[in-house]
Number of protein chains: 2
Amino acid sequence: MDTTQRTDQERSADRRRRELLEAADRVVLRDGPGASMNAIAAEAGITKPILYRHFGDKGGLYAALAKRHTDALLDSLRAALDAPAERRERVEATLDTYLAAIEARPQVYRFLMHPAEGGQPGVDQGFDVGKHSAPLLRRMGEELGKVIEDRLDLGPDSHRLARVWGHGIVGMMFAAGDWWLGERPCTRAELVRSLADLLWGRLAAAGDKVGGPGF
Amino acid sequence: MDTTQRTDQERSADRRRRELLEAADRVVLRDGPGASMNAIAAEAGITKPILYRHFGDKGGLYAALAKRHTDALLDSLRAALDAPAERRERVEATLDTYLAAIEARPQVYRFLMHPAEGGQPGVDQGFDVGKHSAPLLRRMGEELGKVIEDRLDLGPDSHRLARVWGHGIVGMMFAAGDWWLGERPCTRAELVRSLADLLWGRLAAAGDKVGGPGF
DNA sequence: AGACTCAAGTTACCGCAGGTAACATCTTAG
DNA sequence: CTAAGATGTTACCTGCGGTAACTTGAGTCT
């Protein structure tokens, strides 16, 4: 039948696509995000035009690659967010999950968030970057905002508050995590605790230092 | 004398450098961060090699350009942070200063934070990105961390706490600002208030919504 | 069987970017 | 007057993303 035939072709194409993505993944993780289309094609054992037939352009390949990792990370975060526990525990679990993920696979993290760092000197970095590094942050922010709005009673402005907080908290997690990953100034648990303390209002509650007007 | 001669030459070189930077600024603000070295050279009325003699490579030009804007923004923020007022007022003033800055000059903002978005389709984006978008965030985080440590009494772990909070708060401001700038879901004042509320512990204080276990 | 279709795959090329070498020119010191 | 050294130029290299045009090979119709 026509349908079975088409299905066969589609399956074959899908498998191929997955193989290509895995090859691309290997190259990107090895060479950094500046990996060239030629390098990826070579790793996959084929040549450039095929990549272009499958993914359109470099951005398409990047997007497909990023989507896989982003989805995986979001799944982990959702799990932590949905665990049955007290609010503070959940927040800490979510923070820890995120930090554990970026700690475990910094190459993937750098690819998603800082897509133009690796690569040889003198060679133009590539990958259309930026346009795709935001999406992960945005998606995380949106997800968290929804969860907050669903579960918390925030009064009349709850919609706005929840969304702002979602993006804000995600940004906090991101920037602190990025800094921590680079400098490793403390343990993961300490970082989690410090951030949760911040969210729990310790900034407002802290006393002024003697002699100054206080922050 | 040798010294006066050198000084004269150095002054001339510095002036030239400033002129080139201003030309580069114009181009980047007009064409987006994908501006090519050729375009910048043309705008400055000269040719490429001169740019390379002055800035080494594209990254050098980018860095010089970014430093100017970054320093300017940091000065504004320091002013808001140092104003004589209560803590909450200062926090709100700082948030508002940042948001006002990115609102007033989104082109500059996008150049600093998402340096590879503009540019024609089909053309490889440029500017070595990423490596330089972090610095602004990092610098802001460090500055804020110092201020917090200087002024707040945070007990034994004050050093770590202050630094974590510095980076975390900056990240919150950044992500929320980025999202807000893109979607404009509310007024600036509302955003400032919502973020300050978050920092003031309203997340911990909020009640659970009826029917659920609460975030 | 033999012509037909359609996807996978190739080579060879284009345009354009970043970056450099080699040559010209003008100013200034000795 | 000459030598140095910065300023500027043209012309070129490399490597990238992306595409056109051709070849191959598996399966389909008659």
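Protein chains get the first letters and strands the later ones, always in sequence-line order, with residue 1 at the start of each.
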Assess whether a salt bridge exists between B/R88 and B/D197, defined as any Lys/Arg side-chain N lying under 4.0 Å from an Asp/Glu carboxylate O.
yes

Exactly one candidate in B/E143, B/E149, B/R151 meets side chain to side chain contact (heavy atoms under 4.5 Å, CB included) with B/V147; the answer is B/R151

Could you give the CE-to-C1' distance, from B/M37 to C/dT20, as a whole number of Å?
12 Å

Using whole Å, what does the distance between atom P of nucleotide D/dA6 and atom CZ of B/R17 come to?
16 Å

Atom CG of A/D57 and atom P of D/dT19: how far apart are they, to the nearest Å?
8 Å

Residues from residues 47-55 of chain B lying under 4.0 Å of DNA chain D - heavy atoms:
B/T47, B/P49, B/I50, B/R53

In plain terms, say whether A/D71 and A/R139 are close enough for a salt bridge, that is, a side-chain N and a carboxylate O under 4.0 Å apart.
yes

Considering heavy-atom distances to DNA chain C, does A/I46 or B/N38 have its closest nucleotide positioned more toward the 5' end?
A/I46

Test: B/D25 and B/R18 ion pair at under 4.0 Å
no

Answer yes or no: is there a donor N or O on one side and an acceptor on the other, between the side chain of B/R90 and the main chain of B/A83, under 3.5 Å?
yes

May I ask you to say whether A/R138 pairs ionically with A/E142, meaning some side-chain N is under 4.0 Å from a carboxylate O?
no

